[in-house]
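Data block below; observations after.
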Amino acid sequence: MKFFKYILLLFFLSNSSFLLANDSSKKQKDSKLNNNISVQDYYSYANYAFEKQQWSDVVDYCRVIIQKYPQSIFTKDALFYLGVSYFNLKEYELSNRYFTRYLKDDFNPKYFEESMHYKFSIAEKFKEGSKKRLFGKGPKLIVADDDALAIYDEIISSMPLHELAIKSLFSKGQILLETEEYKDSVLTFEQIVSKFPKHELAIESFIQIGKVYLKQTNYKKQDLDNLELAELNLKNLKDAQPQETEKIKELETILLQMKEIFANGFLEIADFYKRTNKKEAAIIYYSKILNAFPQTQVAVLAKEKIDQLNAK
């Protein structure tokens with residue numbers, strides 16, 4: 001029992017010390033923020049907090065610098081620090097806003113490349129599902145795909161030959177695919193293939209183009225143009241990267257999936273004619289499957305059904 005009381009006492013004392021330390025730290029920061037000190041001092045406090053990764057403190061000090069001393073030589077760095085801090089606080093919309101302000105009207109800012117890397121990471125967070133607030137307030141409920149696309153475009157135009165631009169093009173194409181902007185998605189992936197043919201994402205772009213055509217394919221909408229384009233895409237990959245056998249197989253599998261869907265469309269029509277006792281029409285459509293899509297599983301089924309009809 002005494003031991004238990006001793007443990008409780010230690011717990012109480014340690015927590016009290018922690019709360020007192022926190023309270024003391026907060027009072028010190030409040031005193032710094034409220035006192036009429038120089039911009040150099042605020043910048044020094046912000047730098048110290050930045051090094052210690054005390055992101056909320058960085059925000060407090062840098063906001064004072066921006067609001068009280070907008071013309072200071074320290075204001076530019078304060079904008080960058082705010083972008084970094086809000087990123088680490090997972091406030092991605094605010095982070096992007098401050099990086100944009102940092103980069104504005106400056107052709108060669110000190111932290112240009114770092115800012116663009118952060119912007120790319122913010123766009124990736126939005127792409128992965130991080131949401132933003134409505135009018136910057138309340139809970140994060142709004143899908144931020146448009147914000148991600150705007151950031152990718154900014155990176156592509158600002159540093160067109162950089163690795164980040166290639167990655168931005170690829171991610172942009174993926175978002176356009178998911179949002180069913182199929183034509184723009186294909187055009188985006190084709191940019192990678194044409195501008196950066198040796199890059200690993202060029203090979204992946206062939207796969208993504210195949211996925212665009214697959215996503216547009218259903219047995220009720222028999223668009224043979226997409227099938228022809230998918231076959232051309234496969235040929236282009238074989239011509240450009242013949243050594244990439246695994247990727248070629250992956251694209252061949254996508255193309256075969258498309259053919260199975262097309263074949264199923266013909267199968268449904270053939271089965272309808274079979275059920276309505278229109279034998280010759282049914283055989284015509286089963287034969288179309290055998291001629292157009294002989295390598296599909298549906299073709300095996302169609303052959304069986306033709307044999308059944310001919311046996312009657």
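For clarity, every value in this text was computed on a predicted model and none was experimentally measured. Values below: all heavy atoms of this structure, side chains included; hydrogens, waters and symmetry mates excluded. By convention here, the first residue in the shown sequence is residue 1.
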Practice prompt. Check I175 against A148 and note the closest heavy-atom contact, atom names and distance.
Written response: CD1-CB, 3.8 Å
Item to complete: Could you go through the side-chain contact (heavy atoms from CB on, under 4.5 Å) check for V84 and E114 one step at a time?
Response: CA-CA 10 Å; V84 175; E114 292 94 328; over 6 Å; no
Fill in: Closest approach of L290 to A299 (non-hydrogen atoms, all atoms of both residues)
CD2-O, 3.3 Å
Discussion item. On a heavy-atom basis, which atom in P160 and which in S158 lie closest, and how many Å separate them?
Written reply: CD-C, 3.6 Å
Item to complete: May I have all residue pairs that pass salt bridge (charged side-chain N to carboxylate O under 4.0 Å, His left out) and include part of residues 151-177, sequence neighbours excluded?
Response: K119-E154, D153-K172
Worksheet entry | More than 12 heavy atoms from other groups under 6.0 Å of NZ on K303 | no
Worksheet entry | Shortest non-hydrogen separation from S115 to L103 and the atoms involved | CB-CD2, 4.0 Å
Fill in: Nearest-0.5 Å distance that lies between atom OH in Y111 and atom NE2 in H117
15.5 Å
Item to complete: With sequence neighbours excluded, tell me which residues meet ring-ring contact (aromatic ring centres under 6.0 Å, His included) with F196.
Response: none
Fill in: Atom pair CG (L164) and CE (M159), whose distance is rounded to the nearest 0.5 Å
5.0 Å
Discussion item. Looking at every heavy atom in both F293 and F262, which two are closest together, and how far apart are they?
Written reply: CZ-CB, 3.5 Å
Fill in: Those residues that, when tested against Q53, pass side-chain hydrogen bond (donor to acceptor under 3.5 Å, both in side chains) (two or more places apart)
none
Below 3.5 Å, can you tabulate the donor-acceptor pairs from side chains in residues 230-237 to any protein atom, sequence neighbours excluded?
{"residue": "N233", "atom": "ND2", "partner": "F206", "partner atom": "O", "Å": "2.8"}
{"residue": "K235", "atom": "NZ", "partner": "D239", "partner atom": "OD2", "Å": "2.9"}
{"residue": "N236", "atom": "ND2", "partner": "L232", "partner atom": "O", "Å": "3.3"}

Worksheet item: Can you list the residues that meet the side-chain hydrogen bond (donor to acceptor under 3.5 Å, both in side chains) rule with Q243, with sequence neighbours excluded?
Response: Q241
Discussion item. Between V64 and Y45, is there a side-chain heavy-atom distance shorter than 4.5 Å?
Written reply: no
Item to complete: Tell me, yes or no, whether the heavy-atom count around K195 atom NZ, taken from other residues, nucleotides or ligands under 6.0 Å, exceeds 12.
Response: no
Discussion item. Could you check whether any side-chain heavy atom of I155 comes within less than 4.5 Å of a side-chain heavy atom of H162, counting everything from C-beta outward?
Written reply: no
Worksheet item: Are L224 and L256 connected in the hydrophobic side-chain network, where two residues link if heavy atoms are under 4.5 Å apart?
Response: no
Fill in: Within 6.0 angstrom of K125 NZ, more than 12 heavy atoms from elsewhere
no
Worksheet item: Hey, what do you get for CG (N96) to CD1 (I151), rounding to the nearest 0.5 Å?
Response: 3.5 Å
Practice prompt. Test I248 against E252 for side-chain contact (heavy atoms from CB on, under 4.5 Å), laying out the working first.
Written response: CA-CA 6 Å; I248 289 170; E252 286 174 339; 3.7 Å; yes
Discussion item. Restricting to non-hydrogen atoms, name the atom on G173 and the atom on S185 that form the minimum distance, rounded to 0.1 Å.
Written reply: O-OG, 2.9 Å
Practice prompt. Give, for atom OH of Y86 and atom OH of Y92, the distance between the pair rounded to the nearest 0.5 Å.
Written response: 14.5 Å
Worksheet entry | Check against side-chain contact (heavy atoms from CB on, under 4.5 Å), Y273 and I284 | CA-CA 10 Å; Y273 284 129; I284 288 172; over 6 Å; no
Please tabulate, for side-chain N and O atoms in residues 72-82, each donor-acceptor pair with protein atoms closer than 3.5 Å (sequence neighbours left out).
{"residue": "S72", "atom": "OG", "partner": "F74", "partner atom": "N", "Å": "3.0"}
{"residue": "T75", "atom": "OG1", "partner": "Y69", "partner atom": "O", "Å": "2.6"}
{"residue": "T75", "atom": "OG1", "partner": "S72", "partner atom": "O", "Å": "3.3"}
{"residue": "K76", "atom": "NZ", "partner": "Y102", "partner atom": "O", "Å": "2.4"}
{"residue": "D77", "atom": "OD2", "partner": "Y43", "partner atom": "OH", "Å": "2.8"}
{"residue": "D77", "atom": "OD2", "partner": "K110", "partner atom": "NZ", "Å": "3.2"}
{"residue": "Y81", "atom": "OH", "partner": "N47", "partner atom": "OD1", "Å": "2.7"}

Discussion item. As an exercise, state the distance from CD1 of I209 to CG of L187, rounded to the nearest 0.5 Å.
Written reply: 9.0 Å
Discussion item. What I'd like to find out is whether the side chain of K140 reaches to under 4.5 Å of the side chain of K132, using heavy atoms alone.
Written reply: no
Worksheet item: Between I261 and L214, is any pair of side-chain heavy atoms under 4.5 Å apart?
Response: yes
Practice prompt. Could you tell me whether the side chain of Q297 and the main chain of E260 form a donor-acceptor pair under 3.5 Å?
Written response: no
Fill in: side chain to side chain contact (heavy atoms under 4.5 Å, CB included) partners for K104, two or more places apart
none
Worksheet item: Are any non-hydrogen side-chain atoms of I66 and R101 less than 4.5 angstrom apart?
Response: yes
Item to complete: Would you check if I283 and N310 make a side-chain contact, meaning some heavy-atom pair closer than 4.5 Å?
Response: yes
Practice prompt. Could you list all the salt bridge (charged side-chain N to carboxylate O under 4.0 Å, His left out) pairs where at least one residue sits in residues 281-290, not counting sequence neighbours?
Written response: none
Worksheet item: side chain to side chain donor-acceptor pair (under 3.5 Å): which pairs involve residues 200-213, sequence neighbours left out?
Response: E204-K247
Worksheet entry | Gap between atom CD1 of I65 and atom CG of D60 - 0.5 Å precision | 11.5 Å
Practice prompt. Report the C-alpha separation of I156 and L169 in whole Å, then their side-chain angles, then the decisive distance to 0.1 Å, and conclude whether the side-chain contact (heavy atoms from CB on, under 4.5 Å) test is met.
Written response: CA-CA 7 Å; I156 293 162; L169 277 167; 3.6 Å; yes
Worksheet item: Shared ILVMFWY cluster between L89 and F99, side chains joined below 4.5 angstrom?
Response: yes
Worksheet item: Is F272 reachable from I269 through a run of I, L, V, M, F, W or Y residues, each pair having side-chain heavy atoms under 4.5 Å apart?
Response: yes
Worksheet entry | Joint hydrophobic cluster, V143 plus L134, side-chain heavy atoms closer than 4.5 Å | no
Discussion item. With heavy-atom distances below 4.5 Å as the criterion, would you say the side chains of L255 and K259 are in contact?
Written reply: yes
Discussion item. Going by the rule side-chain hydrogen bond (donor to acceptor under 3.5 Å, both in side chains), which residues pair with D41 if we only count those two or more places apart in sequence or in a different chain?
Written reply: S38
Discussion item. Going by side chain to side chain donor-acceptor pair (under 3.5 Å), name the pairs with one or both residues in residues 275-286, residues two or more places apart or in two chains.
Written reply: D271-Y286
Worksheet item: For the side chain of S44 and the backbone of Q40, is there at least one donor-acceptor N/O pair under 3.5 Å apart?
Response: no
Fill in: Co-membership, hydrophobic cluster, residues V58 and I37, 4.5 Å side-chain
yes
Item to complete: Find out whether Q216 and M258 are in side-chain contact, i.e. whether some heavy atom of one side chain is under 4.5 Å from a heavy atom of the other.
Response: no
Worksheet entry | Listed partners of F126 passing ring-ring contact (aromatic ring centres under 6.0 Å, His included), at least two apart | none
Discussion item. I'd like to know if the side chain of S95 and the backbone of E91 have a donor-acceptor N/O pair within less than 3.5 Å.
Written reply: no
